[in-house]
K.L.:
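Sharing a structure, written as structure tokens. Questions coming.
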Amino acid sequence: VASCAACAAGRLHIEAALPLLARCLRVGDAMLARAAAAALADMPPTGWVTLRELKSSPNQVTALAAAEALARVGAAP
């Protein structure tokens, strides 16, 4: 359910969901992390800033999901 909510927040560009999406990316399992990262990627520029910060996370799931999402939208520096 959380993954679907993350996807919906991204599609609808719900800015108020940004902190919760970042939290899901940091503490969720791989599936939730990927969904949250994809949602953040759909919300530039703030979502992209968050992804850039989290791609250097010591949590490998977080870092990988963030890097993949940035690459998908062509925003990976």
Side-chain angles (χ1 to χ4, degrees):
V1 173
S3 294
C4 290
C7 291
R11 279 193 213 112
L12 297 172
H13 302 277
I14 300 173
E15 296 277 329
L18 286 166
L20 295 172
L21 291 169
R23 184 177 188 283
C24 288
L25 180 51
R26 286 191 315 271
V27 300
D29 62 16
M31 188 168 102
L32 180 54
R34 282 192 299 273
L40 288 165
D42 288 340
M43 292 194 274
T46 309
W48 291 8
V49 170
T50 302
L51 289 170
R52 285 188 184 111
E53 291 169 359
L54 292 175
K55 80 175 189 172
S56 63
S57 170
N59 179 325
Q60 290 182 329
V61 171
T62 298
L64 182 60
E68 288 174 347
L70 285 168
R72 181 180 58 82
V73 295

K.L.:
Does Thr62 use its side chain to pair, donor to acceptor, with the backbone of Leu25 at less than 3.5 Å?
P.N.:
yes

K.L.:
Would you say Leu70 and Leu21 are hydrophobically clustered, going by side-chain heavy atoms of ILVMFWY under 4.5 Å?
P.N.:
yes

K.L.:
Who else is in Leu12's hydrophobic cluster (ILVMFWY, side-chain heavy atoms under 4.5 Å, direct or via others)?
P.N.:
Ile14

K.L.:
Counting only heavy atoms not in Arg72, do more than 12 fall under 6.0 Å of its CZ?
P.N.:
yes

K.L.:
Search all heavy atoms of Ala16 against all heavy atoms of Pro19 and return the closest pair with its distance.
P.N.:
O-CD, 3.5 Å

K.L.:
Looking only at non-hydrogen atoms, find the nearest pair between Ser3 and Met31 and report the distance.
P.N.:
OG-CE, 3.8 Å

K.L.:
Membership question, hydrophobic clusters at under 4.5 Å side-chain separation (ILVMFWY): are Leu54 and Leu20 in the same one?
P.N.:
no

K.L.:
Measure the spacing between CZ of Arg26 and CG of Asn59 and express it to the nearest 0.5 Å.
P.N.:
10.5 Å

K.L.:
Using residues 32-51 as the side-chain source, report each donor-acceptor pair under 3.5 Å to any protein atom, sequence neighbours left out, with the distance given to one decimal.
P.N.:
residue	atom	partner	partner atom	Å
Trp48	NE1	Ala41	O	2.7
Thr50	OG1	Thr46	O	3.2

